[in-house]
Amino acid sequence: HAKELGRNNYQWYSMEMERKMSRSLLIENGLKTALKHHRFHLVFQPQIHMLNEELTGVEVLLRYEHPELGSISPIEFIPLCEQTGIIDEVTHWILTEAVFHQLEWKRKQYPRVKMAINISPLTIEKKGFVQYVKNLVERTGVDPSLFEFEITEDAFMNFTEEVKSHMLELQNLGIRIALDDFGSGYSSLKQLKDLPIDKIKIDRTFIQNVPAIERDQAIIESILDLTSRLNNEIICEGVETKEQVDYLITQNCLYAQGYYYSKPVNSTELEERWFKKMQKIRS
Ligand code: C2E
Ligand code: MG
Ligand code: MG
Ligand code: MG
């Protein structure tokens, strides 16, 4: 009987594996032609100065619409872009779009808003990447200090010496480097020690339960103490409630990004809801 059960379990298990495999394959196949078929688009999530609730920047987030499966989370499709090697090409597209938007916003005379762009360490590591960015900046005349590259280390990709030296070269071009998801997973103290970092994004798992859970308060307060002593800019991710905002302000942490202020929005919404308001206030 037990043997039979084991066998059934095995069958169920392999069916489940097969289902997952075919989903990944389906997504991988879609991704191959996604650029050509305009299946990617960008959304922007506001970054806010909590004291005056002003917009200081936006994070650029990639969205992908699969022809059969519909909208897929970047948590699922970015690793597939990395594994299939199309991540560089996708990142080039994102950068070109981002520059296009910046030039458009300048033309419309919106206030200057910085842009944070997620870059896979796999891409940063590539030999031609810094040159690609340099050419893009020179060709378009865009102000490089408007851009910040967010990087996260993951299980498949460590920060090698190449990654490190390319970060320095990007900083020399005027681009800022932010360490994403700080404190979670692979993004840790070692990175703070070894990498050229301008800004630290504290992972939302540390924000989630404050001020409710005291133990989490102790942790976030220590993180803020440590990171502020390094003279880096600090921003908290995943801020969802007024209580979190009030608490973070008492802890002297002034920048936030999260659903409390806004979900990621498309460029039209960004202009309508944020830029036009800012323009009115300042004129
Ligand atoms: P991330 O860079 O840490 O981005 C923040 C993620 O948290 C975004 O998820 C955002 O929508 C979500 N988020 C923001 N505020 C809140 C909140 O208040 N509560 C909760 N629960 N979530 C919040 P998203 O857009 O699904 O992206 C997930 C991850 O995928 C990103 O994490 C980033 O690592 C990766 N990713 C997204 N776009 C790109 C890209 O263009 N290139 C690369 N290489 N990675 C990207
Ligand atoms: Mg990010
Ligand atoms: Mg993050
Ligand atoms: Mg992340």
Side-chain angles (χ1 to χ4, degrees), residues 27 31 34-35 39-48 50 57-65 71-99 101 114-126 129 147-157 159 163 176-188 191 197-210 223 227 233-245 248 255-267 269-270:
I27 298 173
L31 286 169
L35 277 172
R39 296 216 157 259
F40 288 120
H41 72 276
L42 301 182
V43 289
F44 306 88
Q45 187 175 31
Q47 299 184 330
I48 304 293
M50 288 187 273
V58 292
E59 179 174 22
V60 175
L61 295 157
L62 186 60
R63 295 292 177 260
Y64 169 56
E65 191 78 19
S71 174
I72 316 271
S73 162
I75 310 252
E76 190 172 11
F77 76 76
I78 293 286
L80 293 174
C81 290
E82 292 175 336
Q83 283 157 38
T84 55
I86 65 165
I87 189 69
D88 297 341
E89 209 188 329
V90 172
T91 305
H92 293 174
W93 178 82
I94 294 167
L95 287 168
T96 313
E97 283 289 295
V99 167
H101 283 292
K114 283 193 236 156
M115 236 180 202
I117 303 177
N118 295 285
I119 312 278
S120 163
L122 267 180
T123 297
I124 295 221
E125 188 181 44
K126 293 283 160 57
F129 182 67
F147 297 94
E148 187 173 280
F149 288 172
E150 293 190 0
I151 47 159
T152 322
E153 191 166 33
D154 64 33
F156 304 103
M157 179 68 213
F159 291 145
V163 173
R176 289 156 46 86
I177 303 289
L179 187 59
D180 205 353
D181 302 337
F182 179 72
S184 83
Y186 292 81
S187 187
S188 64
Q191 273 75 54
I197 299 288
D198 300 295
K199 180 166 169 176
I200 298 167
K201 292 191 85 171
I202 299 176
D203 194 71
R204 72 181 170 85
T205 49
F206 300 103
I207 319 295
Q208 235 162 25
N209 302 315
V210 291
I223 294 177
T227 49
E233 196 179 306
I234 300 165
I235 183 167
C236 289
E237 298 190 291
V239 172
E240 295 182 351
T241 68
K242 178 82 170 78
E243 288 68 39
Q244 289 167 343
V245 168
L248 289 171
Y255 295 95
Q257 180 182 333
Y259 297 165
Y260 176 71
Y261 292 108
S262 173
K263 296 206 164 174
V265 295
N266 65 32
S267 63
E269 280 174 277
L270 187 68

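For ligands, and for the atoms within them, numbers begin at 1 and follow the listed sequence.
Side chain of R39 to main chain of E65: a donor-acceptor pair is present (N/O by atom type, distance under 3.5 Å, no hydrogens or angles). With hydrogens and angles ignored, the 3.5 Å screen pairs a side-chain donor or acceptor of D198 with a backbone N or O of I177. Panel note: side chain Q244, backbone Q208; a donor-acceptor pair is recorded below 3.5 Å.
Atom CD of E89 has 12 or fewer heavy atoms from other residues, nucleotides or ligands within 6.0 Å.
Restricting E59 to its N/O/S atoms, the shortest distance to the Mg ion (ligand 2) is reached by OE2. When distances from the Mg ion (ligand 3) to the N, O or S atoms of D180 are compared, OD1 comes out shortest. Closest N/O/S atom of E150 to the Mg ion (ligand 2): OE1.
Rounded to the nearest 0.5 angstrom, D88 CG and I119 CD1 are separated by 10.0 Å. Distance check: L31 CG to F77 CZ gives 7.5 Å after rounding to the nearest 0.5 Å.
Each of the atoms 44 (N) of ligand 1 lies under 4.0 Å from some heavy atom of S120. Close contacts between ligand 1 and G238 involve ligand atoms 16 (C), 17 (C), 18 (O) [criterion: under 4.0 Å to a heavy atom]. Below 4.0 Å from some heavy atom of I94 lie the following atoms of ligand 1, by number and element: 41 (O). Within the listing of ligand 1, atoms 15 (N), 18 (O) sit less than 4.0 angstrom from a heavy atom of G258.
Between F44 and H101, the ring planes are perpendicular. Angles over 60° get that label, and only those under 30° would be called parallel. Ring geometry, F129 versus H92: the interplanar angle falls under 30°, so the pair is classed parallel (tilted spans 30 to 60°).
The Mg ion (ligand 2) has no N, O or S atom of D181 inside 2.8 Å of it. Put simply, E237 gets within reach of the Mg ion (ligand 3), with an N, O or S atom under 2.8 Å from it. Not a single N, O or S atom of T152, from either the backbone or the side chain, sits less than 2.8 Å from the Mg ion (ligand 2).
At a 4.0 Å heavy-atom cut-off, ligand 1 does not touch K263 at all. Using a 4.0 Å cut-off between heavy atoms, D181 contacts ligand 1 through its side chain alone, with no backbone atom that close. Both the backbone and the side chain of L61 come within 4.0 Å of ligand 1, counting heavy atoms alone.
Considering every non-hydrogen atom in both D180 and E150, the closest pair reads OD2-OE1, 3.0 Å.
Looking at ligand 1, you won't find any N or O of T152 less than 3.5 Å from one of its N or O atoms. At under 3.5 Å, a nitrogen or oxygen of L62, whether backbone or side chain, sits near a nitrogen or oxygen of ligand 1.
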Please set out all donor-acceptor pairs under 3.5 angstrom arising from side-chain atoms of residues 257-265, sequence neighbours excluded.
residue: Q257; atom: OE1; partner: Q47; partner atom: NE2; Å: 2.8
residue: Q257; atom: OE1; partner: K201; partner atom: NZ; Å: 2.8
residue: Q257; atom: NE2; partner: Q45; partner atom: OE1; Å: 2.8
residue: Q257; atom: NE2; partner: E59; partner atom: OE1; Å: 2.7

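The nearest non-hydrogen atom to atom 11 (O) of ligand 1, considering only A98, A256, C81, P264, comes from P264. Considering each of V43, N118, L95, the one bringing a non-hydrogen atom nearest atom 33 (C) of ligand 1 is N118. Distances from atom 13 (N) of ligand 1 to the heavy atoms of F40, Y260, Y259, F77 put Y259 nearest. Taking only non-hydrogen atoms, the option from E97, E240, E237, E82 nearest to atom 17 (C) of ligand 1 is E240. The option with the heavy atom closest to atom 14 (C) of ligand 1, from among E76, E59, E150, Q45, is Q45.
Salt-bridge formation is not detected for the pair E237/R204: no Lys NZ or Arg NE/NH1/NH2 atom is positioned less than 4.0 Å from an Asp or Glu carboxylate oxygen.
Take E125 and apply the salt bridge (Lys or Arg N to Asp or Glu O under 4.0 Å) test, not counting sequence neighbours, and it matches no residue.
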